[in-house]
Amino acid sequence: MLDIKFIRENPELIKEGCRKKQIKIDIDQLLEIDKKRKELMLALEDARAQKNKANEEINKFVSGEIKQLHEKGKKEVIILKMRELDKNNDRIEAEFKELDGEFQGLMGLIPNPPAPDVEEGKDDTENKVIKKWGKLPEFDFEPKSHFELGESLDIIDTKRAGKVSGSRFGYLKNGMAKLELAMINFAVDFLSEQGFIPVIPPVMISLDSMKGMGYLEHGGEENMYILDKDNLVLVGTSEQSIGPMHKDETFEEKDLPKRYIGISTCFRREAGSYGKDTKGILRVHQFNKVEMFSFTKPEDSDKEHEYLLSLEEKLMQALELPYQVVKMCSGDLGMPAARKYDIEVWLPSENRYRETHSTSTCTDFQARRLNIRFKRKDGKSEFVHMLNGTAFSERPILAILENYQQKDGSVLIPKVLQKYTGFEKIEK
RNA sequence: GGAGGAGUACUCAAGCGGUUUACGAGGACGGUUUCGAAAACCGUUGUCGCCUUAGGCGACUCGUGAGUUCGAAUCUCACCUCCUCCGCCA
């Protein structure tokens with residue numbers, strides 16, 4: 001949700017933001033509705049004020065004295081007047097509610113405009129690589145893909161998962177299961193040291209919460225598992241569960257930035273990705289992820305975004321995996337994001353980089369919807385800024401398998417993870 | 001699943017149809033005082049809007065939403081959340 005005051009004052013900027021994100025919304029129509037809505041609101045307030053005033057008249061003649069009024073026939077006159085006021089009130093209120101519904105509906109569809117430094121582009125083909133790190137591995141043998149390794153080492157089982165659950169699921173077994181736990185523990189330890197608060201959040205959240213995070217509009221619900229009977233949604237990332245934690249709350253200025261690490265399973269329907277990445281577990285309906293989430297003051301959010309990116313890089317560097325950083329163009333940003341960076345890891349089997357991390361700043365967009373504020377020293381309250389970023393998911397493990405594979409078919413474990421796994425190698 | 005009880009501002013907490021402008025206490029912030037601090041005292045401490053120079057004024061706000069009434073924190077209904085007891089349970 002954007003600030004209507006800001007839209008009134010900067011309509012061109014908002015129009016440009018919508019265009020850059022390739023979302024069609026008639027801002028002029030919105031402003032027209034806003035104007036009428038405001039007039040109606042004033043009329044409604046005035047009508048209510050009249051009613052309240054008339055009521056005060058009656059209040060002057062409480063209990064016993066009201067009988068006196070009655071005798072004089074004055075009560076009937078006042079009450080008749082009240083009925084008139086009531087009618088007027090109801091009429092304006094009904095009119096206002098209708099217009100307000102229209103207004104809120106339109107407001108809910110306007111995306112957060114891209115940050116000024118984000119380049120315009122239509123889709124992911126126009127994203128820019130801004131950094132490369134690490135040396136690509138060289139093999140003196142034909143490297144296997146993660147799913148070939150998974151099968152030969154008996155650590156990933158998609159066949160049986162197909163039998164039990166369907167496509168895009170997998171069993172992680174043996175060394176793979178331990179490696180995943182090791183990576184989660186490593187990330188949690190690393191980020192705890194940075195002051196992040198570890199959280200295992202609910203993975204089912206209310207539709208309201210999901211709406212507050214801005215992921216239900218513009219077809220977003222297509223990618224979610226919605227539990228109709230219970231009005232719940234399975235989260236696609238723990239961000240969706242952590243953001244609404246502080247709904248309707250006001251932080252003290254000294255408590256910001258507030259940083260969390262969410263550890264959760266994530267669920268995605270992957271609608272519209274038929275035929276893509278069908279082998280192995282690169283793209284699955286269910287995976288575990290460690291996620292960073294920050295609440296900051298507005299003036300700190302850009303700095304925080306760079307900080308989250310730097311932490312993601314440090315994590316990848318600790319695993320010694322070659323990666324590149326990609327800055328997303330405007331057309332590839334979601335509804336709430338103002339700026340987004342991806343980290344893509346090198347996958348030898350595909351001979352290209354694939355996304356493992358993503359960090360976004362949503363500025364005050366989500367905070368406005370969820371009503372999350374903070375109080376400045378002078379007592380004024382403002383909306384916080386909210387940011388998120390991946391620490392680790394299952395994809396980096398696949399990258400470990402492929403980048404650390406040996407000629408004999410075994411896989412070495414990155415040094416930093418060895419104390420967590422308790423072994424240095426996965427072998428048959 | 002059954003039976004009860006409760007949700008009031010940042011926190012605790014009174015009020016249970018009309019002198020409520022939501023009592024009171026604590027916390028936080030600002031001020032007076034002080035060499036400085038404590039204490040004391042005086043303010044401020046929800047959201048939206050209108051007119052403005054200071055500063056006024058209005059609407060909304062007692063879990064949420066409807067309803068009864070001239071008038072609702074207070075009465076009625078529905079829903080949400082929490083607590084206690086019973087049952088079931090990792």
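Naming: A, B, ... by sequence-line order, numbering from 1 per chain. These figures come from a predicted structure and were not determined experimentally.
- Using a 4.0 Å heavy-atom criterion, one finds that A:R373 contacts the sugar-phosphate atoms exclusively.
- Taking 4.0 Å as the cut-off between side-chain N and carboxylate O, A:K303 and A:E306 do not count as a salt-bridged pair.
- The C1' atoms of B:rC16 and B:rA73 are separated by 8 Å, rounded to the nearest whole Å.
- Between A:K327 and A:D117, at least one side-chain nitrogen of the basic residue sits less than 4.0 Å from a carboxylate oxygen of the acidic one, meeting the salt-bridge criterion.
- Positionally, the nearest nucleotide of RNA chain B for A:L44 lies more toward the 5' end than for the other of A:L44 and A:K97.
- Comparing B:rG30 with B:rU20, their P atoms are spaced 33 Å from each other, to the whole Å.
- One interatomic measurement links the two molecules: CZ of A:R376 to P of B:rG30, which rounds to 16 Å at whole-angstrom precision.
- Pairing for B:rA6 is with B:rU81, a Watson-Crick or G-U wobble pair whose two hydrogen-bonding atom distances lie under 3.5 Å.
- Across the protein-nucleic acid pair, A:N371 atom CG and B:rC10 atom P stand 11 Å apart, rounded to whole Å.
- B:rA6 sits 11 Å from B:rC75 when the P atoms are compared, rounded to a whole Å.
- Base pairing analysis places B:rG58 opposite B:rC48; the two distances defining the Watson-Crick or G-U wobble pair are each below 3.5 Å.
- Atom name C1', nucleotides B:rC77 and B:rC29: the rounded distance is 43 Å, in whole Å.
- Rounded to an integer number of Å, the gap from CG of A:N52 to C1' of B:rU69 is 15 Å.
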| A:Y225 vs A:R269, side-chain contact (heavy atoms from CB on, under 4.5 Å): CA-CA, chis, key distance, verdict | CA-CA 6 Å; A:Y225 288 100; A:R269 290 187 65 232; 3.7 Å; yes

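- A donor N or O paired with an acceptor N or O is not found under 3.5 Å between the base of B:rG49 and the side-chain atoms of A:E45.
- Across all strands shown, B:rC29 is found opposite B:rG43 as a Watson-Crick or G-U wobble partner, with both distances under 3.5 Å.
- For B:rU47, neither phosphate oxygen OP1 nor OP2 lies less than 4.0 angstrom from any side-chain nitrogen or oxygen of A:K375.
- Remark: B:rC35 base-pairs with no nucleotide; criterion is Watson-Crick or G-U wobble with both hydrogen-bond distances under 3.5 Å.
- A donor-acceptor contact shorter than 3.5 Å links the side chain of A:N223 to the backbone of A:E270.
- Rounding to whole angstrom units, CZ of residue A:R48 and P of B:rC70 are separated by 19 Å.
- Partners of A:F374 under the ring pair (Phe, Tyr, Trp, His ring centres under 6.0 Å) rule, at least two apart in sequence or in another chain, do not exist in this structure.
- Dashed line: the shortest gap from a side-chain N or O of A:K38 to OP1 or OP2 of B:rC50 is under 4.0 Å.
- The separation between A:K35 atom NZ and B:rG49 atom P is 18 Å, rounded to whole Å.
- Each of A:S381 and A:A49 was assigned the nucleotide of RNA chain B with the nearest heavy atom; the assignment lying further toward the 5' end belongs to A:S381.
- Judged by Watson-Crick or G-U wobble contacts below 3.5 Å, the nucleotide B:rU20 has no partner.
- Across all strands shown, nothing is found opposite B:rA72 as a Watson-Crick or G-U wobble partner with both distances under 3.5 Å.
- As rounded to the nearest Å, B:rA72 and B:rG18 have C1' atoms that lie 10 Å from one another.
- Atom C1' of nucleotide B:rC80 and atom CG of A:D248 are separated by 14 Å, given to the nearest angstrom.
- The same atom, C1', is picked in B:rA38 and in B:rU32; the two are 15 Å apart, to the nearest Å.
- Separation of the P atoms belonging to B:rA28 and B:rU81 is 35 Å when rounded to the nearest angstrom.
- Pair assignment for B:rA14: none, as no Watson-Crick or G-U wobble contacts are both less than 3.5 Å.
- Nearest to the side-chain atoms of A:N55 among the listed nucleotides B:rA59, B:rG18, B:rG49 stands B:rG18.
- B:rU53 makes up no base pair with any nucleotide shown, lacking Watson-Crick or G-U wobble contacts both under 3.5 Å.
- Rounded to whole Å, the distance from NZ on A:K247 to C1' on B:rG46 is 16 Å.
- The shortest distance between the side-chain N/O atoms of A:K51 and the OP1/OP2 oxygens of B:rA59 is not below 4.0 Å.
- Of the options A:M245, A:K247, A:H246, a side-chain contact (heavy atoms from CB on, under 4.5 Å) to A:E249 is made by A:H246 and by none of the others.
- B:rA59 atom C1' lies 17 Å from atom CD of A:E39, rounded to whole Å.
- Rounded to whole Å, the P atom of B:rU33 lies 39 Å from the corresponding atom of B:rC51.
- With respect to the salt-bridge test (charged N to carboxylate O, under 4.0 angstrom), the residues A:K375 and A:E252 do not qualify.
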